[in-house]
Protein chains: 2
Amino acid sequence: MVARRGDDPAGDSTGDGVVHPSMDDAPYALDGDLTNGAPLLDAVVPAARERARAIPEAAVARLAVYLQVLSEAAAQDTAVISSEELAAAAGVNSAKLRKDLSYIGSYGTRGVGYDVETLIQEIGRTLGLTRKHSVAVVGLGNLGHALANYGGFPGRGFPVSALFDVDPDLIGIKLGGLPVDHIDDIPEVCGTRDVTVGVIATPPGAAQEVCDRLVRAGVRCILNFAPVVLQVPDDVEVRKVDLAVEMQILSFHVARRADRLATDGDSRVDQAVGQ
Amino acid sequence: MVARRGDDPAGDSTGDGVVHPSMDDAPYALDGDLTNGAPLLDAVVPAARERARAIPEAAVARLAVYLQVLSEAAAQDTAVISSEELAAAAGVNSAKLRKDLSYIGSYGTRGVGYDVETLIQEIGRTLGLTRKHSVAVVGLGNLGHALANYGGFPGRGFPVSALFDVDPDLIGIKLGGLPVDHIDDIPEVCGTRDVTVGVIATPPGAAQEVCDRLVRAGVRCILNFAPVVLQVPDDVEVRKVDLAVEMQILSFHVARRADRLATDGDSRVDQAVGQ
DNA sequence: GCCTGTGAACGGCTTCACAGCG
DNA sequence: CGCTGTGAAGCCGTTCACAGGC
């Protein structure tokens, strides 16, 4: 779920994406097309990461899931996996999985399957996990505490390196080995620790203000847990995780299910969905 | 993000959301989202609540967001709001907003706008918020604690009415006024307290087991915070909120942005995306 | 005149089905 | 013969643009 000025949220979210989740605007072209004829690059640039050539947003979200499943597989010493197996474990159908993987290149072996380690490498590269991303958590209530204590987000590579709040009782103490700073220090601290991702876990009323500060400090990616739609410049990426929204979406499905049972007093069985 | 057997996540994430995302599926927003479980049917059925007539999953996620914004507006005594205003506040364009609202009926006044209270009512009805949903939280680590202490999820209507864990040190003590029960008691407790939504905040290794127990206890809606793809029967709705996935999606965008700057060594300014 | 509601056009994502290769 | 990789078809959601009321 990306929410940017004049655009859309959820997505889903997701699920989205959320999204949650999810699900929003234009795909991501390396561009370099349109404007110029474009046969160029590749050849010239060191084998120019031809990767990242227009991967649909929805596919990106799934790639992250595949990565998770592949890590599990690797932990169990599975060296090779077929599209069918991986798809089942990730909860998608195999055609979609193969299509998704094809966006990042051809790393499978026909008649055999995919090498787990290779896929992990390539998906990681595509998702930009080769660089480390410093994370700042702002707002240390219940949720903020939980996030801070994750101590380096699950799926390593996202070390939390700064904590902020306004509560004088919190400033200066350490949480998970990190000192808590006042949000007035966001510019300085974010600068010196090279923070690239901001996580907002403040009460709703403070979220926009905090967001503005982060943006002013140069943070261009924000994960927002506050139940507020943040207004940001076009070059800032926001993803929103909203528990109330998630619950309401579930609620909708409960209601729909109930309606169905009520109205379908007749024969027809729910043969819905099934890929 | 809806994930069901043989279907897709993110979501939004969401799509997300979720959700999603996306996020979805998903995504978180998270996910991405997406995945419309509602196929054809209806039609024949009497004239039955013609509402719930195939509302796109993505639209459902956004309706929840509109509801949030509308509540804020109501709190500030705004009685009427135009599609343009509401859209701006929700971060979508007005055409999409009007289309979304049209799915639930015609509650606006041409030349004027929408009555805030009426919209709140109708969206709430559509999302099934007229019924109360009892929530059970399983797994009381950092995140679970945070969720339990929310004490009735934000956006009222989702009272947490049961807590479960396996840690003997936790069983029996009270958190936010609720006693912690052992997960062996899930069937009984969920039954007597009429739990309709299960929230899984356990370590990844325990998630599937806990999920199976909830499902066996009759819970048909699950919000999963564990970084695992749950396998469930077709009639169970799962939404996944995965912090690692959200971070990785953000990471992808950071990387893409960096690539752009690197390859666009020339003139062309980033005029991308735009609402 | 203004703003809502909506059919139709558009575009992106998913699904299909098979060609291609090991 | 099996499984990947992918053009093409189909579907679904978004955007457009204007008809319809107030």
Side-chain angles (χ1 to χ4, degrees), chain A residues 6-12 15-17 21-29 53-63 80-87 92-115 118-119 273-275, chain B residues 6-15 22 24-26 31-40 53-63 80-88 92-115 118-119 273-275:
Chain A
D7 211 300
D8 96 340
D12 275 330
D16 7 107
S22 104
M23 50 183 99
D24 65 286
D25 62 326
Y28 296 89
R53 188 187 290 273
I55 302 180
E57 176 74 8
V60 172
R62 287 190 299 265
L63 283 173
V80 172
I81 193 168
S82 71
S83 63
E84 206 65 60
E85 294 168 313
L86 182 48
V92 303
N93 68 51
S94 64
K96 193 186 283 183
L97 177 125
R98 288 199 303 277
K99 186 61 128 186
D100 287 344
L101 292 184
S102 79
Y103 291 128
I104 69 173
S106 300
Y107 299 106
T109 306
R110 290 164 195 246
V112 180
Y114 300 89
D115 179 75
T118 307
L119 261 197
V273 189
Q275 54 124 278
Chain B
D7 213 301
D8 100 339
D12 271 281
S13 294
T14 200
S22 114
D24 210 301
D25 171 343
D31 90 53
D33 290 8
L34 357 177
T35 314
N36 185 340
L40 24 150
R53 183 190 294 269
I55 302 181
E57 178 75 9
V60 173
R62 287 190 299 266
L63 284 172
V80 173
I81 192 168
S82 71
S83 64
E84 206 66 60
E85 295 169 312
L86 182 49
V92 303
N93 67 52
S94 64
K96 192 186 282 184
L97 177 126
R98 289 200 302 279
K99 186 61 129 184
D100 287 345
L101 292 184
S102 80
Y103 291 128
I104 68 172
S106 300
Y107 299 105
T109 308
R110 293 164 194 246
V112 180
Y114 300 89
D115 178 75
T118 307
L119 261 197
V273 189
Q275 70 114 276

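So you know, we letter chains A, B, ... as the sequences are listed, proteins then strands, and number each from 1.
For the pair A:Glu85 CD and D:dG2 C1', the interatomic distance rounds to 13 Å; values are reported in whole Å. B:Tyr107 places its OH atom 16 Å from the P atom of D:dC22, with the value rounded to the nearest Å. For the pair B:Leu97 CG and C:dG5 P, the computed distance is 10 Å after rounding to whole Å. If you measure from atom CG of A:Leu101 to atom C1' of C:dT15, you get 16 Å, rounded to the nearest angstrom. In this structure, CG of A:Leu119 is placed 10 Å from P of D:dT4, rounded to the nearest angstrom. Rounded to a whole Å, the CD1 atom of A:Ile81 is 14 Å from the C1' atom of D:dT4. For the pair B:Ile55 CD1 and C:dT6 P, the computed distance is 13 Å after rounding to whole Å. For A:Glu84 and D:dG5, the CD to P distance is 14 Å, given to the nearest whole Å.
Using a 4.0 Å cut-off, some side-chain N or O of B:Asn93 falls inside it from OP1 or OP2 of D:dT15. Here B:Lys96 reaches the OP1 or OP2 of D:dT15: one of its side-chain N or O atoms lies under 4.0 Å away. Phosphate proximity of D:dC3 to A:Tyr114: absent, as no side-chain N or O sits under 4.0 Å from OP1 or OP2. Taking side-chain N and O atoms only, A:Tyr103 has no distance below 4.0 Å to OP1 or OP2 of C:dT14.
A residue-by-residue look at A:Asp100 and B:Ser102 shows that B:Ser102 has its nearest nucleotide of DNA chain C further toward the 5' end. Comparing A:Gly111 and A:Lys99 against DNA chain D, the residue whose closest nucleotide sits nearer the 5' end is A:Gly111. Nucleotides of DNA chain C nearest to A:Ala95 and A:Val112 differ in position, and the one nearer the 5' end is that of A:Ala95.
Taking the side chain of A:Arg62 as heavy atoms from C-beta on, and the options C:dG5, C:dG7, C:dT14, the nearest nucleotide is C:dT14. Of the candidate nucleotides C:dT4, D:dT14, C:dG5, C:dT4 has the atom lying nearest to any side-chain atom of B:Ser82. Nearest nucleotide to the side chain of A:Arg110, out of D:dC22, C:dG20, D:dT14: C:dG20. Across C:dC13, C:dG5, C:dT15, the shortest atom-to-atom separation from the side chain of A:Ala58 is found for C:dC13. Closest contact between the side chain of B:Arg98 and the listed nucleotides D:dG13, D:dT6, D:dC18 involves D:dC18.
For the pair B:Arg98/B:Tyr114, a side-chain contact is recorded, criterion being any heavy-atom separation below 4.5 Å from C-beta on. The side-chain heavy atoms of B:Leu101 and B:Leu63, taken from C-beta on, include a pair separated by under 4.5 Å. Side-chain contact check for B:Leu119 versus B:Leu86: some heavy-atom pair is nearer than 4.5 Å.
Here B:Val80 pairs with B:Val112 under the side-chain contact (heavy atoms from CB on, under 4.5 Å) rule; sequence neighbours left out.
Annotation for A:Ser82 and A:Glu85: closest pair N-OE1, 2.8 Å, computed over non-hydrogen atoms.
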